[in-house]
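To keep things clear, I will list the structure first and then write my remarks on it.
Heads up: numbering here begins at 1 and tracks the sequence. Order of appearance sets the numbers: ligands from 1, and atoms from 1 within every ligand.
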Amino acid sequence: MTDPTLGELTVGVEGLALLRTLHSGDSGARAERLTEIRDVLGRADLGSPLGSEVDVDAGYVQWSRSYDGPLRLFAVESAAVRPLLEDRPPGTVLDAACGTGRWSEYLAGRGHTVVGVDRSPAMLDLARTKVPGGRFDEGRLDALPLDDASVDAAVCALAMVHVPDLRPVFAELARVVRPGGRVVVSDVHPFLVTLGWQAQFPGDDGRAYIRLHAHLMSDYAGAALAAGFAVRGIEEPLLTAEAAATPTATVVPAANAAAYVGLPAVVVWEFERM
Ligand SMILES: C[S@@+](CC[C@H](N)C(=O)[O-])C[C@H]1O[C@@H](n2cnc3c(N)ncnc32)[C@H](O)[C@@H]1O
């Protein structure tokens, strides 16, 4: 199987932009999309590979070097997550799949005792540097290295999209969070994953990506309710122009913006352990 190309992505983005423009009453924009599609189909330089797929473990060894770059979705995600974390009374908080400690650092700064868990030793090393007072352990979302009811709250940011099945993940969160504790979950919105968004980053040999799993809202809610959580809130902030900076943003900027800006970017859940 050959890697997808920038040309294929560009034609797809033009098509999505055209679909979203069809009933806008803007016939000029529709004509522009068709003209650009014809042009793109004839451009040999767009045949360049979009990147090669790597698995989660190899991927985060490479991505850890640039991860805090920051990522294009951070601003949209953190504007929705921060208000859910900022007024929490100080306690012990699990940062599940903590990565380089983006939320661990924030929580420690607000007086919490932080326990970070992640499967990637490379990401954990960076988290330890950022939060010297935190405890950071290697572990899996579906087998957390924590005792039952040992934390007051948890956050799991932009990580469930890496696991194929949410049920064992919510079962583990329900096991380690004490009754009454809150769990904040953010994730890449399934709308984008279904449209082909992957976790893209500069790899060791050029562009690389880790494949993402799309979870429907009913997958999150079903897994959480079955594990013993109640839903306390859900938000779906939309893609801004900055957050929609995909590889086609420089090739066909108008089509890229018309295709993506305004689509749901992330989902942010707040659950309570019953
Ligand atoms: C996109 S990063 C998010 C990191 C951090 N939560 C943040 O918001 O910046 C995803 C993280 O999930 C971790 N991860 C992926 N699958 C995991 C699993 N099954 N168990 C534990 N960590 C996992 C990766 O190693 C990576 O550090």
- Can you list every pair that meets side chain to side chain donor-acceptor pair (under 3.5 Å) and has a residue in residues 128-140, with sequence neighbours left out? Asp68-Lys130, Thr100-Lys130, Asp125-Arg128, Arg135-Asp137
Side-chain atoms of residues 215-226: list all donor-acceptor pairs with protein atoms under 3.5 Å, sequence neighbours left out, distances to 0.1 Å.
from	atom 1	to	atom 2	distance (Å)
His215	NE2	Met160	O	2.9
His215	NE2	Val163	O	2.8
Asp219	OD2	Leu216	N	2.7
Tyr220	OH	Asp187	OD2	2.7

- Query: Is atom CG of Asp147 surrounded by more than 12 heavy atoms (other residues, nucleotides or ligands) closer than 6.0 Å?
  - Reply: no
- Item | Ring-ring centroid check Phe170 Trp269, cutoff 6.0 Å | no
Taking only distance into account, with no hydrogens and no angle test, what donor-acceptor pairs under 3.5 Å do side-chain atoms of residues 199-210 form with protein atoms, sequence neighbours excluded?
from	atom 1	to	atom 2	distance (Å)
Asp204	OD1	Arg65	NH1	2.6

- Item | Distance-only polar pair, side chains of His112 and Tyr106, donor-acceptor under 3.5 Å | no
- Query: What residues come within 4.0 Å of ligand 1, counting heavy atoms only?
  - Reply: Val56, Tyr60, Tyr67, Ala97, Cys98, Gly99, Arg102, Asp118, Arg119, Ser120, Met123, Gly139, Arg140, Leu141, Ala157, Leu158, Ala159, His162, Val163
